[in-house]
Undergrad: 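Just dropping this structure here.
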Amino acid sequence: MNAAAQIIKTHVGIVGGGPAGLMLSHLLSKEGVGNIVIEKRDHETIRNTHRAGILEAGSVRMLTDTGVDGRVLTEGHRHDGIDLRFNGVSHRLDFQDLVGESVWLYPQNEVFVDLAAARKRDGGDVRFSVTDSEVLDLETGVPKIRFTDADGQYFEVHADIVVGADGSQGICKKAIPAEKRSDNFIAYPFAWFGILTEAPPSAPELIYANSEHGFALISQRSAHVQRMYFQCDPNEDAGGWTDEQIWDELQKRVDGPDGFTLKRGPIFEKMVLPFRSYVCEPLRHGNLFLAGDAGHTVPPTGAKGLNLALADVKVLFEAIDSFYSTGSPELLDGYSDTALERVWKAQNFSYWMTSMLHTREDQSSFERKRILGELAGVAASRYGQQYLAEAYTGWPHR
Ligand SMILES: Cc1cc2nc3c(=O)[nH]c(=O)nc-3n(C[C@H](O)[C@H](O)[C@H](O)COP(=O)(O)OP(=O)(O)OC[C@H]3O[C@@H](n4cnc5c(N)ncnc54)[C@H](O)[C@@H]3O)c2cc1C
């Protein structure tokens, strides 16, 4: 340890100030459980990073019912369904009719803004722009986090519990010895080419389009900014595409006899998002607990990543709260198994949606027609639609 390190004693040390870390900090503070969050990026960078956009009903309730903010209800958009589009024809799935739930279009960066503001409002200890973070002594009763803060001061956090909420590229998962964890991983032979465009919405709800040219997702952000994706090669160079080429590619994938036409506008962000499915088992090592992308990642087709992170946090918060209020470690001991139950359901759903909607380069005519048969089967069956609607809007939180 650096000789000049200052010691911070608290109950829970949280690595990562994304949705998982900040939400956990918020819930713990409400119950009087001391905690600190360290985050390597600065507030502005996170605020301007565009990621997920669809919140399950349970995620919305976590924001509103725990006093984070109600902005999601006033500035977000409730979506009562999606369109599945194949063979150029749209089939609407009415979530309210099918399962009595909705989802909300509310970008992840707004979720971050709300959570960071709530932490500030409530006097939370969140350190942005930290460097050199490391976790240690995880198998002892005093697990630790070391970091250098934005002013160059060295700190060592002494906690009862360390939570790795540091995303898929974080340090916490890697601190678990390889022989103590199982890495369940697959990569996909495609990625998403994502754009943000200044244009009016092309449709009131999300359109998930399967076409012989590949998948496209027509999504929204606001009245003036839209989010769209099309399936591409994982090695695609986003900078090599002109706006016109991108619009033509998207349009080709949604063309149909109904003449549906995308509303075009200037494109101001282009990125390629690789697809991976990963689960670390267990989500615990000693007194380190993993939550959110730190423990698992899903391809974005089912819009599950952010929602799973918040669902983990709900389970972990209840376990930590129970530990401090009753002294019993029972729920903490069950955390990994309980969280993984939902994680694997979401992994299956994300994998299923991805396989059903995307086109593989080497796809045989049999496989192409089988997928169209699968889509037709889902679209024509109330039971098929209900499975999709239940998973998409989110299984009830435990
Ligand atoms: C480009 C992109 C697009 C996405 N689109 C979608 C989508 O459309 N739908 C969907 O559901 N999901 C999507 N996801 C996934 C979704 O964004 C994640 O599931 C969600 O962010 C998980 O939240 P989290 O808090 O677990 O992790 P994160 O949001 O990744 O937060 C982890 C935080 O930890 C910080 N950190 C990392 N290492 C350290 C360290 N050593 N010390 C301190 N801090 C550290 C990071 O800076 C980060 O802020 C997307 C992800 C990406 C990358």
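Read the numbers this way: they start at 1 and go in the same order the structure lists the ligands and their atoms. Keep in mind that what you see is a predicted model, and the values were worked out from it rather than measured.
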Undergrad: Any nitrogen or oxygen of I46 lying under 3.5 Å from a nitrogen or oxygen in ligand 1? Just yes or no.
TA: no
Undergrad: After noting the C-alpha distance and the side-chain angles of H158 and D137, does the key distance pass the side-chain hydrogen bond (donor to acceptor under 3.5 Å, both in side chains) rule?
TA: CA-CA 10 Å; H158 292 195; D137 297 342; over 6 Å; no
Undergrad: Please determine if G305 has a nitrogen or oxygen closer than 3.5 Å to a nitrogen or oxygen of ligand 1.
TA: yes
Undergrad: Please give me the minimum heavy-atom distance between G16 and V37, naming the atom from each residue.
TA: O-CG1, 3.5 Å
Undergrad: Counting from 1, what ligand 1 atoms have a heavy atom of M271 closer than 4.0 Å?
TA: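 So the atoms of ligand 1 that pass are 1 (C).
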Undergrad: Quick one: is the NZ or CZ of R127 closer than 6.0 Å to the six-membered ring centre of F155, and within 45° of its axis?
TA: yes
Undergrad: What residues form a ring pair (Phe, Tyr, Trp, His ring centres under 6.0 Å) with Y351, not counting sequence neighbours?
TA: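 Listed in chain order: nothing, the list is empty.
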Undergrad: Suppose I only count heavy atoms of A165 and a 4.0 Å limit; which atoms of ligand 1 are within that range?
TA: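 In order of number, 32 (C), 33 (C), 34 (O).
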Undergrad: Give the residue and atom name of whichever protein heavy atom lies nearest to atom 31 (O) of ligand 1, and the separation in Å to one decimal.
TA: G18 CA, 3.5 Å
Undergrad: With respect to L306, determine whether any N or O atom, backbone or side chain, lies less than 3.5 Å from an N or O atom of ligand 1.
TA: yes
Undergrad: To the nearest 0.5 Å, what is the distance between OG (S325) and CD (E318)?
TA: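 Going from the OG atom of S325 to the CD atom of E318 covers 11.0 Å.
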Undergrad: Please say whether A309 places an N or O atom under 3.5 Å from an N or O atom belonging to ligand 1.
TA: no
Undergrad: Would you mind running through ligand 1 and noting each atom that sits below 4.0 Å from a heavy atom of G292?
TA: 26 (O)
Undergrad: Donor-acceptor check, side chain of K304 to backbone of Y392, threshold 3.5 angstrom: yes or no?
TA: yes
Undergrad: Is there a polar contact between ligand 1 and S168, counting only N or O atoms under 3.5 Å apart?
TA: no
Undergrad: Where is the tightest heavy-atom contact between P177 and H285, given as atom of each residue plus distance?
TA: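 Nearest pair, atom of P177 first, then H285: CD-NE2, 3.5 Å.
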Undergrad: Short list, please: which atoms of ligand 1 are under 4.0 Å from a heavy atom of K304?
TA: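 Counting atoms of ligand 1 from 1, those under 4.0 Å from K304 are 11 (O).
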Undergrad: Just which atoms of ligand 1 are under 4.0 Å from any heavy atom in I171?
TA: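 So the answer, numbered in order with elements, is 41 (N).
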Undergrad: For L273, counting its heavy atoms only, list the atoms of ligand 1 lying under 4.0 Å from any of them.
TA: 1 (C), 2 (C), 3 (C), 52 (C)
Undergrad: For L308, which part has a heavy atom under 4.0 Å from ligand 1: side chain, backbone, both, or neither?
TA: neither
Undergrad: Applying ring-ring contact (aromatic ring centres under 6.0 Å, His included), which residue pairs with at least one partner in residues 226-245 are found, sequence neighbours left out?
TA: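 Every pair satisfying ring-ring contact (aromatic ring centres under 6.0 Å, His included) with a residue in residues 226-245: W192-Y229, F193-F230, F193-W241, F230-W241.
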Undergrad: Quick one: does R41 get an N or O within less than 3.5 Å of an N or O on ligand 1?
TA: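 The answer is yes, given that R41 and ligand 1 share an N or O pair closer than 3.5 Å.
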Undergrad: Which of the atoms of ligand 1 are close to G167, meaning less than 4.0 Å from one of its heavy atoms?
TA: 27 (O), 30 (O), 32 (C)
Undergrad: Could you measure the distance from the CZ atom of R284 to the CG atom of N287? Nearest 0.5 Å is fine.
TA: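 Answer for the CZ-CG pair, R284 versus N287, is 6.0 Å.
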Undergrad: Judged on heavy-atom distance to atom 35 (C) of ligand 1, which of K40, M23, E134, E39 sits nearest?
TA: E39
Undergrad: Just jot down the ligand 1 atoms closer than 4.0 angstrom to any heavy atom of I38, in number order.
TA: 43 (C), 44 (N)
Undergrad: Can you confirm whether Q363 is buried at CD, in the sense that more than 12 heavy atoms of other residues, nucleotides or ligands lie under 6.0 Å from that atom?
TA: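 Atom CD in Q363 is packed in, count exceeds 12.
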Undergrad: Can you find an N or O of H50 that's nearer than 3.5 Å to an N or O of ligand 1?
TA: no
Undergrad: Out of A303, G194, S133, whose heavy atom sits nearest atom 40 (C) of ligand 1?
TA: S133
Undergrad: Give a yes or no on whether the backbone of Y154 and the side-chain of Q6 come within a donor-acceptor separation of less than 3.5 Å.
TA: no
Undergrad: Please say which of R71, K120, R121, R119 ends up in a salt bridge (Lys or Arg N to Asp or Glu O under 4.0 Å) with D114.
TA: R71
